[in-house]
Amino acid sequence: MVEYSDAAAAAVFRRLVHHLQQRTDAQNVDLMGLAGFCRNCLGDWLAEASDGALTKDQAREAVYGMPDGEWKASHQGTATPEQLARMEASVARNRELGL
């Protein structure tokens, strides 16, 4: 496995978060359906990694660039049955992989 520095990982994380903040057209349900994670997951992982320095809400706000409820009201559309089915299949795959 290739090793990389914490600084490189942090820079990549910041770039991913910035990218997702700009790409409001990328819906969380689609991210979950395709990749098995979404903005909420990133926020939750950030809160867990912060060793109590950030609450889940604070970490999600850092990822969304605003409170997640505000983002959802402004940018989140209604999920279609197809999107929800892909998301459910992806969540099941995450469980199979132990993620």
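Predicted model, so just to flag it, every value in this text is computed and none were measured. No hydrogens, no waters, no symmetry mates; every other heavy atom, side chains included, goes into these values. Numbers here simply count residues along the sequence, with the first being 1.
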So, taking the atom named CH2 in W71 and the one named CE in M66, what distance separates them when rounded to the nearest 0.5 Å? 9.0 Å
Distance col, row Q27:CD vs H75:NE2, nearest 0.5 angstrom, shows 9.5 Å
State the CG-CG distance between L20 and L16, to the nearest 0.5 angstrom. 4.5 Å
Set out, in order, the CA-CA distance, both residues' side-chain angles and the distance that settles side chain to side chain contact (heavy atoms under 4.5 Å, CB included) for Y64 and E70, then state yes or no. CA-CA 9 Å; Y64 280 99; E70 183 180 323; over 6 Å; no
Go through the steps to decide whether D68 and R39 satisfy the test side chain to side chain contact (heavy atoms under 4.5 Å, CB included), and finish with yes or no. CA-CA 9 Å; D68 62 337; R39 292 170 181 87; over 6 Å; no
Heavy-atom count check: over 12 atoms from other residues, nucleotides or ligands less than 6.0 Å from K72 NZ? yes
Rounded to the nearest 0.5 Å, what separates atom CD in E61 from atom CG in L46? 12.0 Å
Between S90 and A35, which heavy-atom pair has the shortest distance, and what is it? OG-C, 4.3 Å
Minimum heavy-atom separation for A47 and T55, please, with both atom names. CB-O, 3.8 Å
Minimal heavy-atom distance between T78 and Q83, with the atoms involved, is O-OE1, 4.0 Å
Quick one: does any side-chain atom of Q76 pair with a main-chain N or O of A73 as donor and acceptor, under 3.5 Å? no
Of L42, N40, L54, the one forming a side chain to side chain contact (heavy atoms under 4.5 Å, CB included) with R60 is N40
Report, as yes or no, whether the 6.0 Å neighbourhood of atom CG on D6 holds more than 12 heavy atoms from other residues, nucleotides or ligands. no
Does the pair S50 and Q58 meet the rule for a side chain to side chain contact (heavy atoms under 4.5 Å, CB included), with working shown? CA-CA 11 Å; S50 77; Q58 289 170 324; over 6 Å; no
Under a 3.5 Å distance rule, please check whether E88 uses its side chain to pair with a backbone N or O of G33 as donor and acceptor. no
Is there side-chain contact between R14 and H18, with at least one heavy-atom pair below 4.5 Å? no
Should V29 and F37 be regarded as members of a common hydrophobic cluster, given that ILVMFWY residues are connected when their side-chain heavy atoms come within less than 4.5 Å of each other, either directly or indirectly? no
Below 4.5 Å, heavy atoms only, C-beta onward: do L34 and R86 meet side chain to side chain? no
To the nearest 0.5 Å, how far apart are SG in C38 and CG in L31? 7.0 Å
Rounded to the nearest 0.5 Å, what's the gap from CE on M87 to CG on L84? Could you check? 5.5 Å
Hey, is the main chain of H19 close enough, under 3.5 Å, to the side chain of Q22 for a donor-acceptor pair? no
